[in-house]
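Below is one structure, written out as structure tokens, with a few remarks after it.
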Amino acid sequence: MTVRTIEWRAGEVILIDQRRLPRKEVYRVCRNYRQVAQAIRTMVVRGAPAIGVAAAMGVALGARRIRHPKSVGSVMERVFRTLEDTRPTAVNLHWALARMRRTYEENKDGGLELLKQRLEDEAMEIYEDDIAANRRLGGLGAGLLKGSRRILTHCNAGALATAGYGTALGVLRAMKESGAAIDEVFVDETRPFLQGSRLTAWELLKEEIPVTLITDSMMGYVMQSRQVDAVVVGADRVAANGDVANKIGTYTVAVLAQRHGVPFYVACPTSTVDLGCPSGADIPIEQRSQDEVTHIAGSRIAPDGVHTLNPAFDVTDHSLVSAIITEKAVVTPPYKKNLRAVCSSTSLRYT
Ligand SMILES: CSC[C@H]1O[C@H](OP(=O)(O)O)[C@H](O)[C@@H]1O
């Protein structure tokens with residue numbers, strides 16, 4: 001099954017509108033960087049690696065529309081700032097923009113047409129690197145989870161959250177490709193945006209991987225009744241000490257996993273590890289609109305005027321993380337030392 005999450009088509013960025021899934025497969029055509037930024041903000045495209053790739057393509061779009069060499073500097077600064085301001089938590093967005101900014105600085109004096117081509121080439125490289133990384137980490141994860149036949153995952157860390165193949169779902173895809181027996185994947189709905197029930201269930205059904213949808217409140221029950229052999233989730237930012245920011249509810253899963261002796265694995269490319277971020281306390285947590293909590297599919301389910309909280313992410317302490325599966329290695333504690341050893345060559349300064 002090839003999900004076309006995102007596609008560069010000479011001067012356009014094509015995105016599957018993830019707000020419409022699973023009922024409709026609708027594609028959004030972005031013809032300028034502002035449209036890409038809006039698609040990221042409104043979660044037409046979502047998922048840490050996917051928004052990084054989208055932002056990189058947005059930079060290439062922004063450059064393509066420049067007509068006068070003298071305006072390059074002012075236009076590109078506006079492009080970078082607009083895309084950097086879309087969503088704060090997923091470090092892949094800022095990592096990808098740092099790569100694009102490095103390419104811009106290296107080529108800004110080489111002529112406008114060369115600059116445009118170099119930025120497009122870099123965006124495509126970020127796209128292809130992500131898919132390759134997911135396939136590699138998937139294979140490493142399949143080896144780690146060998147023998148785990150009943151797995152729980154949270155949110156969507158699949159092809160839809162990346163340039164393709166997925167991270168947590170990349171591990172499941174690699175397990176299936178290797179012939180490993182998967183008896184059951186428990187997917188929780190992941191309120192309020194329902195990435196689990198709408199996106200992960202959709203991806204796994206298409207892959208013919210056995211999936212059971214549960215409500216968020218059933219996570220404790222399935223682990224207490226010993227129905228889960230392992231948990232694997234994605235990540236939006238891993239701090240230098242191994243603390244993990246991921247979709248809201250991940251911390252709950254991790255505490256339950258520890259309580260019931262279930263290994264808790266995080267699958268992410270090294271572009272998700274932020275060595276410049278000392279701990280989870282330093283990770284900015286995005287607060288999203290209250291409508292996501294008070295409405296489902298556009299219908300109000302809560303009374304007018306009710307106060308809501310809507311942090312889009314939480315932080316799981318590194319002590320609850322059994323291992324971090326990256327494309328370069330499966331990283332185990334002590335994370336501060338081992339993450340630096342594995343990820344330093346990928347790390348880029350974002351500030
Ligand atoms: C492959 S990482 C996907 C990661 O991103 C999601 O957040 P959002 O849907 O708000 O972009 C979620 O935290 C996933 O685990």
Side-chain angles (χ1 to χ4, degrees), residues 3 5-6 15-19 21 39-55 86-96 127 129-131 133-138 141 152-173 187-200 202-203 216 231-238 243-254 264-274 280 283-289 292-293 310-316 321 324-327:
V3 178
T5 306
I6 184 167
L15 303 167
I16 191 167
D17 188 339
Q18 301 192 31
R19 302 171 303 178
L21 290 172
I40 294 170
R41 267 192 298 272
T42 57
M43 295 175 73
V44 165
V45 59
R46 36 66 50 199
I51 63 177
V53 170
T86 50
R87 296 186 74 190
T89 306
V91 73
N92 309 64
L93 174 85
H94 306 283
W95 172 84
Y127 171 86
D129 286 355
D130 185 58
I131 294 173
N134 296 336
R135 287 187 175 279
R136 284 199 298 272
L137 74 84
L152 182 143
T153 192
H154 180 66
C155 196
N156 173 261
L160 289 168
T162 65
Y165 202 73
T167 56
L169 299 198
V171 171
L172 300 181
R173 286 188 166 98
V187 175
D188 65 68
E189 59 194 352
T190 317
R191 283 272 295 144
F193 201 75
L194 302 175
Q195 289 93 332
S197 52
R198 294 188 305 106
L199 307 177
T200 297
W202 182 76
E203 282 199 49
D216 296 336
V231 173
V232 62
V233 297
D236 290 84
R237 190 182 305 224
V238 178
D243 290 346
V244 176
N246 195 49
K247 184 52 49 200
I248 188 75
T250 304
Y251 173 60
T252 310
V253 178
F264 177 85
Y265 299 122
V266 173
C268 66
T270 52
S271 55
T272 307
V273 178
D274 182 359
I283 300 175
I285 300 297
E286 178 185 10
Q287 302 296 325
R288 292 190 63 87
S289 80
E292 290 182 356
V293 178
N310 191 15
F313 304 97
D314 59 24
V315 174
T316 297
V321 180
I324 300 172
I325 304 162
T326 77
E327 75 282 14

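Reckoned from all heavy atoms, side chains included, excluding hydrogens, waters and symmetry mates. Order of listing sets the numbers, starting from 1, for every ligand and every atom in it.
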Identify, by atom number and element, the atoms of ligand 1 in contact range of [X], meaning under 4.0 Å from any of its heavy atoms.
{"X": "K247", "result": "7 (O), 8 (P), 10 (O), 12 (C), 13 (O)"}
{"X": "Q195", "result": "8 (P), 9 (O), 10 (O)"}
{"X": "R87", "result": "8 (P), 10 (O), 11 (O)"}
{"X": "A161", "result": "1 (C), 3 (C)"}
{"X": "A48", "result": "2 (S), 3 (C), 5 (O)"}
{"X": "P49", "result": "1 (C), 2 (S)"}
{"X": "A157", "result": "1 (C)"}

Review point. Is there at least one pair of N or O atoms, one from N246 and one from ligand 1, spaced under 3.5 Å apart?
Key: yes
Checking a contact table here: which protein heavy atom is nearest [atom], and how many Å away?
{"atom": "atom 11 (O) of ligand 1", "answer": "G47 N, 2.8 Å"}
{"atom": "atom 12 (C) of ligand 1", "answer": "C155 SG, 3.4 Å"}
{"atom": "atom 6 (C) of ligand 1", "answer": "R46 NH2, 3.7 Å"}
{"atom": "atom 1 (C) of ligand 1", "answer": "T167 OG1, 3.3 Å"}
{"atom": "atom 2 (S) of ligand 1", "answer": "A235 O, 3.4 Å"}
{"atom": "atom 5 (O) of ligand 1", "answer": "D236 OD2, 3.0 Å"}

Interatomic spacing from [atom1] in [X] to [atom2] in [Y] - rounded to 0.5 Å:
{"X": "D188", "Y": "K247", "atom1": "CG", "atom2": "NZ", "value": "12.0 Å"}
{"X": "I283", "Y": "N246", "atom1": "CD1", "atom2": "CG", "value": "10.0 Å"}
{"X": "R87", "Y": "T42", "atom1": "CZ", "atom2": "OG1", "value": "10.0 Å"}
{"X": "D314", "Y": "T252", "atom1": "CG", "atom2": "OG1", "value": "6.0 Å"}
{"X": "D216", "Y": "H154", "atom1": "CG", "atom2": "NE2", "value": "6.5 Å"}
{"X": "L137", "Y": "T270", "atom1": "CG", "atom2": "OG1", "value": "9.5 Å"}

Side-chain contact, heavy-atom cut-off 4.5 Å: [X] with [Y]?
{"X": "C155", "Y": "V233", "value": "no"}
{"X": "I285", "Y": "V315", "value": "yes"}
{"X": "F313", "Y": "I248", "value": "no"}

Exercise for review: Kindly indicate, with the supporting measurements, whether the criterion side-chain hydrogen bond (donor to acceptor under 3.5 Å, both in side chains) is fulfilled by N156 and R46.
Suggested key: CA-CA 9 Å; N156 173 261; R46 36 66 50 199; 2.8 Å; yes
Exercise for review: Walk me through it: do T5 and Q18 pass the test side chain to side chain contact (heavy atoms under 4.5 Å, CB included)?
Suggested key: CA-CA 9 Å; T5 306; Q18 301 192 31; 3.8 Å; yes
Review point. Quick one: does A312 get a heavy atom under 4.0 Å from ligand 1?
Key: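 Per 4.0 Å heavy-atom rule, A312 does not contact ligand 1.
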Review point. At the 4.0 Å heavy-atom cut-off, does M43 count as touching ligand 1?
Key: yes
Under 4.0 Å from ligand 1, counting heavy atoms only, is it the side chain of [X], its backbone, both or neither?
{"X": "N156", "result": "backbone"}
{"X": "A50", "result": "neither"}
{"X": "F313", "result": "side chain"}
{"X": "H154", "result": "neither"}

Exercise for review: Report yes or no: is the cationic atom of R136 (NZ for Lys, CZ for Arg) closer than 6.0 Å to the six-membered ring centre of Y165, at no more than 45° off its axis?
Suggested key: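 No cation-pi geometry.
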